[in-house]
Every structure is written in structure tokens, then in C-alpha cells.
Amino acid sequence: MMNRFDDMPFFGDEPEPAPQRAVSGGSIAARAMAQRDAARAAPDYLDGLNPEQREAVETTEGPVLVLAGAGTGKTRVLTTRIAHILATGRAYPSQILAVTFTNKAAREMKERIGMLVGGAVEGMPWLGTFHSIGVKMLRRNAELVGLKSDFTILDTDDVIRLIKQILQAESVDDKRWPAKQFAAMIDGWKNKGLDPAQIPEGDARAFANGKGRELYIAYQNRLLTLNACDFGDLLLHPIRMFKKHPDVLKEYHERFRYILVDEYQDTNTAQYMWLRLLAQRSSPRSFSPREGGMPGRAEGGAPRRNASDLPPSVASGDISPSRGEINKVNICCVGDDDQSIYGWRGAEVDNILRFEKDFPGAKVIKLERNYRSTGHILGAAGHLIAHNEGRLGKTLFTERFDPEHDKVQVHAAWDSEEEARAVGEEIEQLQRAKHKLNDMAILVRASFQMREFEDRFVTLGLNYRVVGGPRFYERLEIRDAMAYFRLVCQPADDLAFERIINTPKRGLGDTSVRALHDYARARDIPMLAAAADMIETEELKAAARKSLFNVVTDFRRWQSLLENTPHTELAEQILDESGYTAMWQNDKSAEAPGRLENLKELVRSMEQFESLRSFLEHVALVMDAEKNEDMDAVNIMTLHSAKGLEFETVFLPGWEEGLFPHQRSLDEGGRSGLEEERRLAYVGLTRAKRRAHIWFVSNRRIHGLWQSTIPSRFLEELPLEHVEVSESQNSNYGGYGRNPYGQSRFDKQEPFQNTYSTPGWKRAQANRTDATRDNWGSRSGHQVERIGYGESGPRAKTIPGELVAKSTVDVPSQFSVGDRVFHLKFGNGNVSAVEGNKLTVDFDRAGQKRVLDGFVERA
DNA sequence: GACATTGCTATTTTT
DNA sequence: TAGCAATGTC
């Protein structure tokens, strides 16, 4: 057997099994902590924990589910728990498996554990993301799944290029069946833990005239030939390995005494399977993922009420916790079902809803004491989320309720421009009151919303930062440079080869590359090797051969330098000698200097790694952007990327039907889609510590067309007692034709009205009933049921799926060129062109605009 | 190989 | 509308 753990440093350096509460052996830090523990009744790391948190920390044995609401000290519990396990000598650092989703979370956890236990955290090799731990396991035993231990990790971009090649090879029309789409399908299957043989027949047929399965197989084969993995494989290969080689799994079972999982509500089926295998101490029966559709995410859109209605899951069917031995597993999952917002990416809320069934005898601890937000914010968020049915049910509370705190403010604006302007004013107002911009965030549903705010802030000269977006390692020049490095380290990396063989231009165009490709495929050798061969043959033109000869000798030279040259030096050398640096130096375009700067930064960032190889590994998994937190700036980001963050003041624009909840979620996800949107709203609100401002507009431009919009149903789900509706005084919301550029409402000291009866609100309501009168029900065929709730608050109205008029071209317009029309926003004008139901109108005052005919009437 | 033209699509995003 | 990607033209 190749899985010899004894040559793994972290397996060999400590006695095994760990003695319970032993004070001898183990790391010095752990020993010191244990001694201190013995000396004192309650170690000081437990200070300041509330009773529930303390229980979550101290219940170390058996399965534990910590339901940690927003702002209830989740990370603190997780890190203190680990510190506690170490300090009491229950396990050595290397016997704890602690998994997170993001590198950021892993880093943060490591840091905070370090603060509690000092250097012992360095001995925790199994603290990391699902993927990085997966890689670690795979590198150890790669040959068991047909890989070599130096396999490459492909990112999304590589994967798409690879699939393109496969589609071409199989002569699939990649216009009709885009590679991107197939990459998404494969990703989806892998999220569910499905091998080609296990994908649902329907899925297999749905792509490329039924070739789905075949192509998936071809893709997997290609990956093996390339000695490469995609992200999904980093989990699936270990799962396969565990299933095929119980002895390997057993070693891990003996190794991990404690398993901790962060953000459990975000785990997908594959991650769940992986965890179950590792958590399963009794000898597992043969195990295969369930065939057919995915569990959980409602196929028919039927709402899932509670865990007991759930269909037999992947795991409970196949690796059931037999004979109660599962109880021995000390697994602790921390999560919040109300913050599950990644269902669309394969996350299974059911995993958390089902925990107690999966782990009989599990202890469930709820953390509901919130340390972040004011009572009003919690009240509003709690009332909103209570409209969801598929939840475990928590109610956050705070002990510092202060009637002086602001209620959640709901604002109406005429259009997105005014929305941005008003938010800008509010921010400046806060700024004048000495609030820091860093403490404010604008959280949008979709990134196109950001632009309006950016424009406005540029005009105002207000600092802002966009969080998320394109990352450093995704930039063109970085990916090119990385391809060079990859190819030097791994001559078989054909994807890297193809990426850079003609970058910079070397006269090796499509024809040469195709010839190389064919030659390589025919002989089953890497393209770089093929290139070396083809220098000798007559197949290519002399110029191309010469060029190829140079490239091949370059790579040979660089490879020979790999072991003995400092890697930063080698990297610079590669970039210079390949002509890549020169290429950008000669480039006259505006972005060229920036790209050169990025390349320098890339080399600089390599310094902290010991070799080119370890750097490559880091980049493949830890794609992190640099951030400038020293600047005081307003944060702009999507609601998704705001999860886990907190701000004094949060602005939540765009609460309109169709945008939020997003139409597509409604159409594609039905009821569960709506609930996920609602959780997103909940996440948004609970990011706020003191102030939350929600906005909705009555007109928004979508794809260049102005559309009338309706306030989000979520607004109606907010409780009156915690919400204040304040219409900006200068808003000409509903008041046609008034100058929107009036004085700021902050200049007037009129008190905001705090009921739902302001004229604007009423108009919004009227607007809503009009627009929703017909077309009941969404495309997916179900209606959204009435969501009733007792006590106070407005009655929830039922809002159907199709609220925003669709811009369907096939509906002929009732208008024709020359008609005189009236539009709410733009006034009177003449129709100058008609295209389906889209009109081009020359407005008397507003100029030429394109509008949907539903929004104009005959003048 | 550089540049213009056409066509298409249009959430959320980590690893 | 706008931004991108994949063609077409010289």
C-alpha cells in the first residue's frame, strides 16, 4: 500500500492515540495549556462566553450542531472550542480536522486560535478549506485514483478551454452547446457527488443531443491524461479513494478525533459525503451516491416543511449511522440555516436541517443572543425571516435594546438615479456627523446596481471601494505568467502550453498549434514533448520550426534551473527570456503599465513561498485579491459577498419585485427560490449594527429599457414597530413633472412619517395592484402561497411571480410610428420606431428613449 | 495579425 | 444599453 502515513510528518511526530487528558507528550503549548487548565477551575479562554456559547465549547464529545444566528459569536465558539480541546489535552493539534469554505475564514480561524493557544495552531495541518484539505489527502495517495502526486489544479478558465477542445474533438457545435454551459453542468454534477455513470438520464440527454454522459466521461479521461483535477475532483477523488480503499479511510478515522465544520448550511452533497465518510467510525458499508435527482432543493418546487419530511438522503440511504457507533464521532457543525444563500451553487440547506437524523443523539445548541445589531434591526430581520417555512427556527435577541435607536428606514425614490443621489446625501450627512466611511456599506442584489452608486460617488468625490469583482489571479497577464511557470514545473500541462505557445507572438498560429495537438494526441504525449519531436520533422514550415526550437530550448533551460535557482529569480528570468515582459513594454495601450506592475507584484508575492511549486499550489487554491483597507471608503458589494461582515450603517437599495426577490430565482427556484431570496434579505439586514436603510424605486432601467417597478414583497414583511417609512421630500415619487433636483430633504427638518400610509406608499400599493392584476403564477407553474402571520403588521399580500413586464419581442405593439404617447417618467412624445413591444420615442423634453409599450399610453 | 462588425445576452460566486 | 465573444475583412 502506498498510503504510508508514517512518512507524513504530521502523522509521525506524535504518539498515538492521544491519551485522554494527558499532560505528557504533545506540543509544548498544548501541555502548557493543559497544566494551566489543571491549576485553575475555569481557564481564562472561557471568560466572557455566555452560557450557550460555553456549552457549545465544552460539549466536546459526541455530535453537536451549533445553530449560530447572525452576530452571535460563531467564530468565537469555533475557535474557543478548538482551544479547549487542545488545552485539555483531548487531542493533539494534528488530530483535529477543522473545515471552512473560504480561505479567508480559514485564515481568520487560524489567527484567532493562535491568539488563544499560541504556536500550537501551527501544528494543525488539517485546518483549512474543504478543497485544500482535499488536495492534501489527494497528494498523499494520488495514485489510488489514477493521478500522480504532482497533479495540476485547473481553475474555471482552464476547465472551459479544455471542454471547448473536447466539444470540438467530438464535433459538438459549441455555439449551440456552449462550453461554459457544460462546465456548469459538470460542476453541478460534481457538487452532487455524481460520477458520469450516476448522472440522471435526463441530464445526460439534455446536452448535445444526448451526448452529455459521453462528454463527461471524455472530460474526466482528459483530466487524468493531463494529470489534472478540477475543483470538484478535489473532493470527489478523496471520496472515491475512501470508498475503494477502506484502509486509507481507516487511517484518517484513527487520525481525526475531532471534526469541526464551519458554515455547515453551505455544504453541498459532495462535501457532505466527504464529511460523512470521515465521520463514520464504524466500518462503512459499500457506499455509492444516490442515483437520480438531487435531494433537497425541491424539484417540483414543493416547500419543505421540516426535517422529518425530507426524502431519504444520500447519506442516510447509503452510509447510515449503523449500530449507533456514529455517536463516537466528535463532530461539531456550526451554521445558520437562515443564512443559507448558496443553494444555486449546490449548497444543501437540508444538510443542516437533517443533522439530528444523521447523527442520532446529536446535541443541538442554539446561539440566539446577538451582539451586533440594535433591537429594531433584529426585530425587522426576525420578522422577515419568520416568513420562511423550511427553517429550524431561531429568534435573535439582544440585551441592549434602546428606544433611542433608529428604526429600520424604508425610503422610496423615483428611479435608480435618485436612489443613488439620496444614498449619497445620507452618507455625506453621516460623514458630517463624523462617521467613518469604512463603517458604511451598500449591499446590492446584482452587480449592475453598483454602477449608479459608483457614478454618483465619483461626482461627489466620495471614496468608495468595490468588494469582490475580478481578482488579481484572474487577470490576463497573471494567468499568462502562471502558465509559463506551470509548464516549467509540469511539462505535461497542455493547457498551459496552449495558452502561452504563441504569447507573445512567435508565428505559431492556429495551424501549428493544431498540428502539435494532433501529433501529441496521436502518440499520447504532452504537447511540449510533441513540440520537441516536431522540430525534427518536415510537417511544419521552417519558420515555425525555428520558433518552436527556441521555445523548447527555453523551457528545457528553465526546467534545468528549477532546482538550483531561487524561484523569484527564475520567475523573472522566465518572463524576460520568453519575451513576455517585452511584449507589454512594447504595448502602447493604456493598461499595459498596470499589467507590468501586476507582474512585478506577482513575482514579489512569490517571495514568501519556498518554491515555485508551492507557490503554484497556493495560487490554484487561494485566489485572494489584495485589499486596501487603509483608505476610508464606503463599501459597495453584493449581498452575497457581505455574508460574514458587519457595518455600522447598511444601505440596501433595489428592494423591488423582479430585482429583489430576483425574477430568476422565482422562476427557477419556485418557493425555495423565494425563500433563499428572503434569507438574502435577512443576511443584508443583519449586517447592520446600528442603522439600516432600505430603498426601492418606481422606475429602473433594465437592459436599456425603462421599466416600472413595484416595491418588494419583503417590504411588506417587515414589522411596523421596527420600521419607519421615510419618503424623501425632494423625491418626486408619484408627483410627475416636479423638479427632482430640489433642495435636500435634510435641509427641511420635517419629521419623517412613520406609518405605511404616506402618499408614496399608497401610490406604490395602487401601482402594485394594477400591475399584478393578471398573470398570476410564475413560469414554473406554482403560485406563491399566502404567507400569513399573526400579531401586528400589514397583511401580506400575495404577489405572483411574473410582476415585471417581460420584454418579449413577439408581442406586437398597439402603437405605431408617429403615435403621440405619454410616459410617466418622460412625459409626452412621438413614437419614432416600433420593434415588437419596444418603442423608440422622441420625448418632447427627455429626448429619445426606448421604452416598453406597456408603460406609455396614448396622449 | 490587427481591426471592424455582428450577434448575443443580460443574478448571486468559492474553490 | 452595453459589454463581450466570435466572426469577417484587409
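On a predicted model such as this, the values are computed, not experimentally measured, just so you know. Quick note on labels: first sequence line is chain A, next is B, and so on, each numbered from 1.
Judged purely by distance below 3.5 Å, without hydrogens or angles, the side chains of Tyr580(A) and Asp480(A) pair a donor atom with an acceptor atom.
Taking the P atoms as reference points, dC4(C) lies 14 Å from dT11(B), given to the whole Å. Distance noted for atom P between dA5(C) and dT12(B): 15 Å (whole Å).
For residues 124-133 of chain A, there are no salt bridge (Lys or Arg N to Asp or Glu O under 4.0 Å) pairs, not counting sequence neighbours.
Residue Leu235(A) contributes atom CG, which lies 9 Å from atom C1' of dT15(B) at whole-angstrom precision. If you measure from atom CG of Asn191(A) to atom P of dT13(B), you get 16 Å, rounded to the nearest angstrom. Rounded to whole angstrom, the span from the CG atom of Asp173(A) across to the P atom of dA6(C) amounts to 13 Å. Straight-line distance from the CG atom of Leu236(A) to the C1' atom of dT15(B): 13 Å, rounded to whole Å. Between Leu167(A) atom CG and dA6(C) atom P the separation is 12 Å, expressed in whole Å. Rounded to a whole Å, the CG atom of Leu234(A) is 8 Å from the C1' atom of dT15(B). One atom, CG of Leu154(A), and another, C1' of dT14(B), lie 16 Å apart when rounded to the nearest Å. As rounded to whole Å, 21 Å separates atom P of dT13(B) from atom CG of Asp230(A).
For Asn103(A) and dT14(B), the shortest distance from a side-chain N or O to OP1 or OP2 is not below 4.0 Å.
For Arg345(A), whose side chain is taken as the heavy atoms from C-beta onward, the closest listed nucleotide among dA2(C), dT14(B), dT15(B) is dT14(B). Taking every side-chain heavy atom of Leu621(A) into account, dT15(B) is the closest of dG3(C), dG1(B), dT15(B).
Partners of Glu452(A) by salt bridge (Lys or Arg N to Asp or Glu O under 4.0 Å), not counting sequence neighbours: none found. Asp158(A) is linked by a salt bridge (Lys or Arg N to Asp or Glu O under 4.0 Å) to Arg161(A), Arg479(A), Arg486(A), counting only residues two or more places apart in sequence or in another chain. Scored by the salt bridge (Lys or Arg N to Asp or Glu O under 4.0 Å) test, Arg451(A) finds no partners at all (sequence neighbours excluded). For Lys190(A), the salt bridge (Lys or Arg N to Asp or Glu O under 4.0 Å) criterion is met by Asp230(A), Asp233(A), not counting sequence neighbours.
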If a protein heavy atom is under 4.0 Å from the base, mark B; if only from the sugar-phosphate, S; if neither, -; do that for nucleotides 7-12 of chain B going 5' to 3'. ---BBB
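A cation-pi arrangement is present between Arg139(A) and Phe151(A), with the terminal nitrogen or guanidinium carbon under 6.0 Å from the aromatic centre and inside a 45° cone about the axis.
Across all strands, Lys164(A) comes closer than 4.0 Å only to sugar-phosphate atoms, never to a base (heavy-atom distances).
Where Phe101(A) and Gly507(A) each meet DNA chain B at their nearest nucleotide, the meeting point lying more 5' is that of Gly507(A).
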